[in-house]
Amino acid sequence: MGVDVGSFSEDTSDKLNAENVWMWMIARFPWLSVDDLGRHVPLVTWGSLILTVLVCVLTASSLSWLVAKWAIVGAKDRHGRKLCLAPGPAPWPIVGSLLQLQRHPHRGLAKMGEQYGELMTVHMGTTPTLVVSSPAAAKEVLLTQRTTFASRPLTPTVGAWSGGRDLGLAPYGPLWRKQRKIASVQLLSPRRMEQVDAIQRKLTDFLEEELLRKGQGGARQGEGRNVGTKEAAKEGNDLSPAADPLPTETTSSLPNPAAAVHVGATANVEMSHKAGTMDGLQPVHLRENLFHFALDMLAYVIFGSPVSPSMQHHMAKVIATSGLRSTMRMSKRAQEPEEGLEHDATRRMSKEVSLQTTEGGDDVNDDQMAKRFYDVVLSMTQVVGVAQIPDFVPSLRFRALILELIEKRHEVQRNVAGNCGSSCTMLDHHQATLRAAGLINPDAMVDVVFNNLSPHTQELGGFCNEGRRCEKMALLKEELDEAIGMHKVPSENDLENLPYLNAFLYETLRMHSVAPMLLPHLAMKDTVVFGYDVPAGTSVVVNAWAIMHDPKVWSEPWELRPERFIRDGLLAEDMHPDGKNFAFLPFGSGRRMCPGIRLALTTMRFVLSRLLQRFDVMLPHGIKPEDLDLTEHDGIVIFPETPVPFIFRPRSMG
Ligand code: HEM
């Protein structure tokens, strides 16, 4: 049958019948005509395509329902007994509910929890996971049944990373117990914390100096270029210590974590562009400085010395101003012009001095080592999550780097003055000086761990511009000024007794939970939680974020209200993050609770109080609180994706 598509008139639409619709479609899409099958192959193709898609969709959806039914309703235990699993969304084949979780799984799961309740079964890929979202259920899993849930799932990522042999991700068993004991009794013991205290003070002094220097435009050569411009943000070095080069040719290749995470984030670019100076002071990104601070602390605890080039530069200054300077002058006079000697000496030392350096150390390697250290720590925070997506690249990089750092540390140990006798090199002396200055940790974690492991296990190998936030800042300062004053370096004892400072810290940990879903746990045997079966091997995620933002648990959970942690003018004892209050779990609870809680709290209290003593912290002119993009960076550890520029005005100026 021929159809005169050319003569088809749209006016025939008043007769809305199948024939008209068909003719209208043929007028629009002539290839739909079946006049000449040979010529109109597309119709057949489209037809089969549509049919195929339909079949696929139907099959997938019935399959997913079948799987859901099998997984949730019809699941049976080893003895064929029907299991009653916690309710949850029907999973899709292969991906389970991963697509519904979107970018921030803790938020996605909190939303699902509103529908399914405090215990739900969610498929992370093909793995059924029990998600816990209430204080009572968290208590049941982390405390009452703490041994049953004390293990960690061995995901492909964890397997590739460390084979599950590291403390944080190891399955519950003898190796984990041994590591945990070393961590609690030796590495993070009160005695060790005193040693860490000394380096913490030095690093905080350095942090303050850096904030001051950068705020004043950055004195070092090459710094401050493009600051606050779109170009700088695009380069990834805008306002950050990534633009923190050692002088001249040793420009650091240290990554800007912001750039690594989100190069040129629009908000960042716009904000940096808008950020104006204030009282002649430049805005500074605190986040990067704190990131470097924390990693230097970590590197000190683990490898015995900070790793960032800027810190090494600082260490070099210690040497250059020590007795060794004259030795250096003498030994290098023949090669160096007198003018600018000190600067050159400092620079040269900064090349030579680092934990990794062997004699004649090379700055490029040091910089690369630091870059890799920052890089892998950052990637660690992104990869180890509930979404079990294997990413082998960072894990292999991580292993190689750690092995290299351990080897270098052994080298340092061999070279430490005293061991080398008459063959002591200049570097040995430098390291002895750093040790004396407390900049090389005599008991680095690698040493402790290696001394403790048997040969067998070794083989296994707040900002303030206006309004209520200002009030809170003022309250913090008032408390600090009254109790300690502006100049005294506070002791841990001083700080523990400041209710508002601690309450402020706790409230921040509640609102911006660093590890929002703790680390994943694993059921080691079949058990029952609140009437629901939990078969052995089930992954368990405690959504601490959901609990800490639940309006049934916390009134006005989105409001920053440190006062909620204070009772009768004192810090409420039952509101400590020590794992006893299951509504407030920033460090987890039970067997796998964070062993670093003391170090973390001490460090945060100290840094916060020192910054408050020294600076008025505010947003730059032209930036309002509502301009800020506080979107969380995705990964198992949460921090703001876009660094916020602050003005650090020395209080002496005010
Ligand atoms: C604000 C800082 C910190 C927060 C919020 C934090 C939070 C956490 C959380 C939530 C867990 C998981 C608990 C669980 O799965 O039930 C954890 C585990 C862990 N944390 Fe921390 N942590 C912090 C700092 C530190 C520090 C400074 C160290 C060490 C120096 C550390 C070492 C560990 C280790 C080794 C584990 C694994 C413990 C195990 O599985 O047995 N953390 N942390």
Side-chain angles (χ1 to χ4, degrees), residues 106 132 138-139 141-143 145-147 149-154 158 162 164-184 186-189 192-193 195-197 199-200 203 290-291 293-303 377 380-381 384-386 441 444-446 448-449 502 505-522 539-545 547-548 576-580 582 584-608 635-639:
H106 54 284
V132 174
K139 186 173 178 185
V141 164
L142 297 175
L143 182 69
Q145 301 199 36
R146 56 187 174 280
T147 310
F149 291 106
S151 203
R152 303 273 192 221
L154 189 64
V158 171
S162 63
R165 289 187 210 104
D166 55 297
L167 171 56
L169 302 169
Y172 187 69
L175 183 59
W176 170 80
R177 256 196 298 273
K178 182 153 195 166
Q179 292 187 19
R180 181 88 191 191
K181 197 164 162 205
I182 296 170
S184 327
Q186 302 202 35
L187 288 170
L188 300 163
S189 67
R192 189 61 54 109
M193 285 305 99
Q195 289 170 357
V196 171
D197 197 48
I199 187 74
Q200 195 179 71
L203 288 174
L290 287 179
F291 195 72
F293 170 92
L295 290 182
D296 274 335
M297 275 282 294
L298 193 65
Y300 177 82
V301 172
I302 300 174
F303 300 110
V377 173
M380 267 171 86
T381 68
V384 185
V386 281
N441 182 356
M445 191 159 163
V446 282
V448 178
V449 170
N502 285 285
L505 203 63
Y506 293 174
E507 179 67 341
T508 310
L509 284 169
R510 182 192 70 77
M511 290 185 78
H512 304 286
S513 182
V514 177
M517 294 184 294
L518 314 185
L519 290 175
H521 289 241
L522 185 87
S539 291
V540 179
V541 162
V542 176
N543 194 349
W545 186 91
I547 297 174
M548 295 192 284
H576 195 276
D578 57 5
K580 294 193 189 99
F582 289 85
F584 183 47
L585 291 172
F587 294 95
S589 179
R591 286 266 194 278
R592 304 301 292 248
M593 186 181 165
C594 177
I597 178 171
R598 199 182 136 87
L599 175 61
L601 288 176
T602 313
T603 308
M604 287 187 290
R605 271 195 286 258
F606 187 71
V607 173
L608 178 62
I636 195 142
V637 177
I638 298 293
F639 48 86

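For the numbers below, each heavy atom of this structure counts, side chains included, while hydrogens, waters and symmetry mates do not. For ligands, and for the atoms within them, numbers begin at 1 and follow the listed sequence. The structure presented is a predicted model; accordingly, all values stated were derived computationally and were not measured.
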**Study point:** Sphere of radius 2.8 Å around atom 21 (Fe) of ligand 1 - protein N, O or S atoms inside
**Key:** C594 SG
Which residue and heavy atom of the protein sit nearest [atom], plus the separation:
{"atom": "atom 7 (C) of ligand 1", "answer": "P586 O, 3.5 Å"}
{"atom": "atom 13 (C) of ligand 1", "answer": "R592 O, 3.3 Å"}
{"atom": "atom 15 (O) of ligand 1", "answer": "R152 NH1, 2.9 Å"}
{"atom": "atom 38 (C) of ligand 1", "answer": "R180 NH1, 3.3 Å"}
{"atom": "atom 30 (C) of ligand 1", "answer": "L599 CD2, 3.6 Å"}
{"atom": "atom 16 (O) of ligand 1", "answer": "H521 NE2, 3.0 Å"}

Verify, without hydrogens or angle tests, whether [X] (side chain) and [Y] (backbone) share a donor-acceptor contact under 3.5 angstrom.
{"X": "N543", "Y": "H106", "result": "yes"}
{"X": "R510", "Y": "M548", "result": "yes"}
{"X": "S151", "Y": "P171", "result": "no"}

Review point. Quick one: does M604 get within less than 4.0 Å of ligand 1, heavy atoms only?
Key: yes
Check your understanding: So is R591 close enough to ligand 1, meaning a heavy atom under 4.0 angstrom away?
Key ->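 It does not; every heavy atom stays at 4.0 Å or beyond.
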Exercise for review: Can you measure from CG (L154) to CG (L522) and round to the nearest 0.5 angstrom?
Suggested key: 9.5 Å
Exercise for review: Would you sort out whether V540 and V141 count as a side chain to side chain contact (heavy atoms under 4.5 Å, CB included), showing the intermediate values?
Suggested key: CA-CA 9 Å; V540 179; V141 164; 4.0 Å; yes
**Study point:** Best match, L167, T508, V141: closest heavy atom to atom 35 (C) of ligand 1
**Key:** L167
**Study point:** Candidate pair H576 and Y506, rule ring pair (Phe, Tyr, Trp, His ring centres under 6.0 Å), full reasoning
**Key:** CA-CA 8 Å; H576 195 276; Y506 293 174; 5.7 Å; yes
Exercise for review: Could you check if a side-chain atom of R591 sits within less than 4.5 angstrom of a side-chain atom of T147, using non-hydrogen atoms only?
Suggested key: yes
**Study point:** ring-ring contact (aromatic ring centres under 6.0 Å, His included) involving F606 - partner list, sequence neighbours excluded
**Key:**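 F606: no ring-ring contact (aromatic ring centres under 6.0 Å, His included) contacts found.
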Review point. What part of L519, side chain, backbone, both or neither, has a heavy atom within less than 4.0 angstrom of ligand 1?
Key: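 Both of them.
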Check your understanding: Among pairs that include at least one residue of residues 593-603, which meet side-chain hydrogen bond (donor to acceptor under 3.5 Å, both in side chains), considering only residues two or more places apart or in two chains?
Key ->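 Those involving residues 593-603 are Q200-T603.
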Point to revise | Residue list, salt bridge (charged side-chain N to carboxylate O under 4.0 Å, His left out) with R152, at least two apart or on another chain | key: none
**Study point:** Geometric cation-pi criterion, R177 with Y172: 6.0 Å, 45°
**Key:**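 R177 over Y172 ring: yes.
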Review point. Which of the numbered atoms in ligand 1 are below 4.0 angstrom from a heavy atom of L518?
Key: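 Contacts of ligand 1 toward L518, numbered from 1: 10 (C), 14 (C), 15 (O), 16 (O).
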